[in-house]
Amino acid sequence: MDRFFSHLKQPFTSMWISLGFVCGSIATVFYFQTLEFILITISILIASAYFKPFSNVLLGFICAIFAILVHFTLFYSFELPAQGEKYAYSVKLVVEDVVSANAPQYIKAKIIKLDEQDYAYFTAPSAMLSVDSAQILEVGATFSAHAHLKNFRSTKNFTVFDNQLYAFTQKIFFKGKVLNKNLIITDTKRNQHVIAYRHYIKHIFKESKLNWLYYTLLTGDKSLMNFEQKLTMQTLGLSHLLAISGLHISLVFGFAFFVTRSLVSHARIRIKQTINFATCYSLMGFIAAFVYVYLSDFIVSATRALIMLGCYLLLYYLAKQSLRWRSILYALVLVLMINPFNVLNPGLYFSFLAVVIIFIVITKVPFKGASVIAKVGMLCAIQGALFIGLLPLSLYFFNGVSLAGLVLNLIAIPLLAFIIMPLLLVVAILSSILDMSLIVSLFDPVLYFLYQQLMAIPPGWRWFNVGTITLDIVMFSYVTMLLLYLVKFKWLACIPLSVLLVDSYFTSKSDWQVNIFDVGHGLMVLLEKDNNALIYDFGPSYFNRFSRTRSILLPYIKANNLNVATAILSHQDNDHAGGVKHFIEAGFESTLSAFHPNGIPSLCKTMTMDFYGLKIQTFSSITFNNNNDDSCVVKISSAQHSVLFTGDISKQREHALIAAGYNLASNVLISPHHGSGTSSSSEFIAAVNPKVVVHSSAYKGQWHFPNDEVVARFNKIGAAQYITGQQGQIRIKFYSTNLHVETARERESYWFIKD
C-alpha cells in the first residue's frame, strides 16, 4: 500500500494501470468474444512489447477482464432450477419497488430464497412480478409465496429504450406472477431507516404545491413525479437537478463543512494546535454526504458522486495539493471495480465528463480572488463549456438538446445551490424538533410561481430534436474537441470531421425502409420515406397502462425526427388497435383521416394514393362480418419493390383477394394473422411469391405462432423468414436493385445477455 501511494509524487505507474483498467472494462463489457476485442488485446500486447508504460496498461487491462468475469459469475449469472419442467417455484421475496399499485399490482422484488437456495440480499437476483392479492404491498414488505417464473426477456427494437439491457443493470433476471391470493406479509428490517426518512420528508411537505420537487431533491426518489413533470424538467434541461449527483453531494458536503466550522469558531473550544481543523471539517462534510447517500438508498448517481468526493479528499490531504485529474481517474477505477457493468449506464459518462469540463474551465479561469463580475462570467463560461462538451452525449442518448437549459441553468444552479437546497436541509433537520410549516408556506408559493413561468415557455424553445445520431459521430466529435484543446496546430481538428464527411458521402442510403416492431403478440409497422412515415397498426395495450405505442412507436418517431403523414388501422382487435388511442392522444388523429374518413371503427377506405413516390393501394372487403377477415390489406410499391400488409386475414379472405384478380405479388410479406395455421394458404403464398416473410409474433407465445405448417409452406418456395419474437425488430431497407434485412437482436446483442 505504501508503494502504491508513493506514486502520488510520481504517479505514472498507478495512472497507467488505472488507464488500462478503464480501457479493459469498456472493451470487455462491449466487445468480449468479438473480433474487435481480439484486435484491441493484440494491439495492447504489441505496444507493451515496445513501450514500457504499456506493460502497466496491459496489467490494468488484464485485471479488468478478470474483475468483470468474477463480477458476472457472482452477481449476474443466475439460472432457474429445472427450467421448463417446473411451473411454480417456492420463493421468499422482498419488495424493492411498486411499479403499479393498481390491481393486479406490479412489483420489483428481490428473491432471497428460491426453492432451497438462500441468497444474501446484496447478491440476490430480482424479478418483475404481477401480484393479484387482497393485501396491498409496499416497499420493504417481505413474504413467502409460490410464483411462476421465467427468464426476463423483453421486446427488442432499434433506437428506443432497451428494457432488457436496463433489466440486466438492475439485476432483474426473472419475471412472472405470484400465484397466492392471500399473503402473510412482514416488514423487513432492511432499509427501514430509508423508508422512515421518506415518510418523514413526505409528511413535512405534504401540503406544499411543489412537494414532488422537495421530496425528489432530498431523497432521490421520483415516485411523486408524474409523466408530465418529468417531461417538463427534461425538455427544460433541468432534469439533472433532480438526480442526486455531484452537485447535490457537494452542496451537502459544503453545508456540513461550513456549519461545522461556524459552530467550532463560535464555541471557542480549546483544541490542540496540532489538529488540522480543515480535515475535521471535511470529515464532517463527508459524513453528512454519506448519510445523504445512505438515505437515498445508495442510488447509482449518488454513490458515484460520493466515491469521487472521497477520492478527491483522500488524495488532497495525502499529497498536500490539489490532484484533480488523478482523483477523477482513481474514482472512475473504484466505481468500475465495485461494478464494471456501470459502463452501461449513460450517467457514468455524463457525470465524469461534466467534472472534467468543470476542472478544465477552473484551471483556465481562476475563481479565487476574482471580482463578482468575473465570477459571474466564470459561471457562464462553465455553463457554456458544459453545454458544448456534453452536447454529443445528449444528442446520442436523448436525440436532442434543451435550448432553454443553456440559459435556465445559469439561474437554476445558483438558486438551487445557495437558496433551495440549504433551505430544504434546514427545514428537514429542524422539523424533527420544531414546526416548520410556516417557513414552508412562505417559500413554496414563490418557487411555484417560478415553476409556472417555466411551464409558460413555448415547447419549441425548450427542446430541439435532431433525431438519431451514430456512435461514430459522438466519438469523432470528442476527438475533434481534444485536438482543438491539446494540439498547437488547430487545423488538425479538421481531419476527423473530414473522415465523417467522406464516410457519409460514400455510405449508400436506402430509398425507403419498412420497420416491423417487436411488440410481443401483435402488429405495429412503420414505413419511412424521405423522413416521412406511414403507420400500419399500433400494437397491443395491457391493463390500460402498458401501451406499445407509448413505449415503442412514439419514442421511435421522436428519436428519428419523423413526420407522420398517414396512418392505417387494419382492424379493431387489441393486439393491433390497443395503442391507437394513445397515438391519437399524442396529436396524430388527423393522419388517420385519409384511410378512415368515417372514423377508425369503420373499415379502411378502398383507394390508391401517392406517398412521396410510393404507391399505396388498399383492397376492398366484402364485409365478412368478423374483425380478422375485414382487416385492411395494403400493398406498398415502388418501381422495383413491394410490401404486402395483411392484418389478420384468414384463408377465406385470401381466396377472395385471389378471385378478385388483384396483383398481390410482393417482395416482402407480413404474414397473415402472425403466421397462424388458419392463414397463409398455398394458393395465397403462390400469388404473393414473397422473397422475405416476417411473422410478427411473441416469443414462446401461448398460440405458438408461427405455425409449423405455415413455416414449412414458406420454406417450400425458398422465402427467408423472420420472427419478431425471436429476432426483435425487423428493418427492411430497399435500394434501387436489392433489399437488405436487419434484426435488432443481431445488431445490438451483448455477450452477457442470453436471448
Side-chain angles (χ1 to χ4, degrees), residues 21-34 36-37 41 60-84 89 91-97 99 107-129 147 149-156 161-176 190-191 297-301 303-304 307 332-349 699 728 744-746 748-755:
F21 189 89
V22 173
C23 294
S25 298
I26 295 173
T28 306
V29 169
F30 288 108
Y31 300 111
F32 188 59
Q33 298 180 341
T34 65
E36 289 88 343
F37 180 80
T41 305
F61 193 89
I62 295 172
C63 289
I65 298 173
F66 179 76
I68 290 171
L69 295 180
V70 169
H71 203 92
F72 177 77
T73 303
L74 293 178
F75 302 111
Y76 290 95
S77 56
F78 295 95
E79 294 288 342
L80 286 171
Q83 185 177 356
Y89 293 88
V91 295
K92 186 175 183 180
L93 305 167
V94 180
V95 179
E96 291 184 280
D97 188 23
V99 179
I107 65 170
K108 174 187 174 186
K110 282 276 191 183
I111 303 176
I112 56 177
K113 186 173 183 179
L114 178 60
D115 283 348
E116 301 302 320
Q117 179 67 49
D118 291 306
Y119 297 103
Y121 187 90
F122 179 69
T123 61
S126 295
M128 302 300 297
L129 300 169
L149 297 175
K150 56 184 178 180
N151 289 331
F152 187 94
R153 193 181 194 275
S154 71
T155 58
K156 182 78 170 182
F161 185 75
D162 191 334
N163 283 295
Q164 192 158 352
L165 182 61
Y166 176 77
F168 176 85
T169 62
Q170 301 300 305
K171 298 183 181 179
I172 301 171
F173 301 107
F174 311 115
K175 62 180 178 180
R190 183 174 183 84
N191 294 339
D297 203 17
F298 290 102
I299 59 177
V300 175
S301 58
T303 306
R304 185 167 55 236
I307 291 173
L332 180 56
V333 170
L334 188 55
V335 167
L336 296 180
M337 287 180 67
I338 294 173
N339 186 355
F341 292 101
N342 276 326
V343 297
L344 299 170
N345 188 339
L348 179 80
Y349 306 101
Y699 177 74
R745 291 193 185 274
E746 180 181 7
E748 299 180 2
S749 61
Y750 300 93
W751 62 268
F752 45 82
I753 295 179
K754 298 179 181 179
D755 287 331

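All of these numbers come straight from a predicted model, not from anything done at the bench.
- With a 6.0 Å radius and a threshold of 12 heavy atoms from other residues, nucleotides or ligands, Tyr166 has its OH atom at or below the threshold.
- Glu746 CD: 12 or fewer foreign heavy atoms inside a 6.0 Å radius.
- Between Leu80 and Leu149, the shortest heavy-atom contact is CD1-O, 3.8 Å.
- Taken to the nearest 0.5 Å, the CD1 atom of Ile172 stands 9.5 Å off from the NZ atom of Lys110.
- In this structure, the separation between CZ on Phe21 and CE on Met337 is 5.5 Å, given to the nearest 0.5 Å.
- Here the side chains of Val91 and Phe174 are not in contact, with every heavy-atom distance at 4.5 Å or above.
- Contact between Val29 and Pro340 at its shortest, heavy atoms only, is CG2-O, 3.9 Å.
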Q: Show your working on side-chain contact (heavy atoms from CB on, under 4.5 Å) between Asn342 and Val300 and close with a plain yes or no.
A: CA-CA 9 Å; Asn342 276 326; Val300 175; 4.1 Å; yes
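- Considering only heavy atoms from C-beta on, Asn345 stays 4.5 Å or farther from Thr169 through its side chain.
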**Q.** Pair Phe173-Phe152, ring pair (Phe, Tyr, Trp, His ring centres under 6.0 Å): steps then yes or no
**A.** CA-CA 5 Å; Phe173 301 107; Phe152 187 94; 9.3 Å; no
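- In this structure, Asp97 and Ile107 have side chains that are not in contact, with every pair of non-hydrogen atoms separated by 4.5 Å or more.
- Counting only distance, with no hydrogens or angles, the side chain of Asn339 and the backbone of Phe341 share a donor-acceptor pair below 3.5 Å.
- A centroid separation of less than 6.0 Å is found between the aromatic rings of Phe72 and Trp751.
- Rounding to the nearest 0.5 Å places NE2 of His71 at 10.5 Å from OG of Ser77.
- Shown here for Glu748 and Lys156, the closest heavy-atom pair between the two residues is O-NZ, 2.9 Å.
- Of the possible donor and acceptor atoms, none in the side chain of Tyr699 sits under 3.5 Å from a partner among the backbone N and O of Ser154.
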Q | Ser126 vs Glu96, side-chain hydrogen bond (donor to acceptor under 3.5 Å, both in side chains): CA-CA, chis, key distance, verdict | A | CA-CA 9 Å; Ser126 295; Glu96 291 184 280; 2.7 Å; yes
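- The shortest heavy-atom contact between Phe78 and Leu74 is CZ-O, 4.2 Å.
- Atoms NZ and OG1, on Lys171 and Thr123 in that order, are 7.5 Å from each other to the nearest 0.5 Å.
- For the atom pair OG (Ser25) and CG (Leu348), the distance works out to 10.0 Å, reported to the nearest 0.5 Å.
- Atom CD1 of Ile68 and atom OG1 of Thr28 lie 4.0 Å apart (nearest 0.5 Å).
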Q. side-chain contact (heavy atoms from CB on, under 4.5 Å) between Met128 and Val99: does it pass, once the steps are laid out?
A. CA-CA 9 Å; Met128 302 300 297; Val99 179; 3.6 Å; yes
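- Residues meeting the ring-ring contact (aromatic ring centres under 6.0 Å, His included) test with Tyr349, sequence neighbours left out: none.
- Heavy-atom contacts from other residues, nucleotides or ligands closer than 6.0 Å to CZ of Phe66 number 12 or fewer.
- No more than 12 heavy atoms of other residues, nucleotides or ligands shown are found within 6.0 angstrom of OH on Tyr31.
- Checked against a 6.0 Å centroid threshold, the rings of Phe122 and Phe75 count as neighbours.
- Side-chain contact check for Ile111 versus Leu114: some heavy-atom pair is nearer than 4.5 Å.
- A ring-centre distance under 6.0 Å is not found for Phe752 and Tyr76.
- Remark: Gln117 CD is packed, more than 12 non-hydrogen atoms of other residues, nucleotides or ligands lying under 6.0 Å away.
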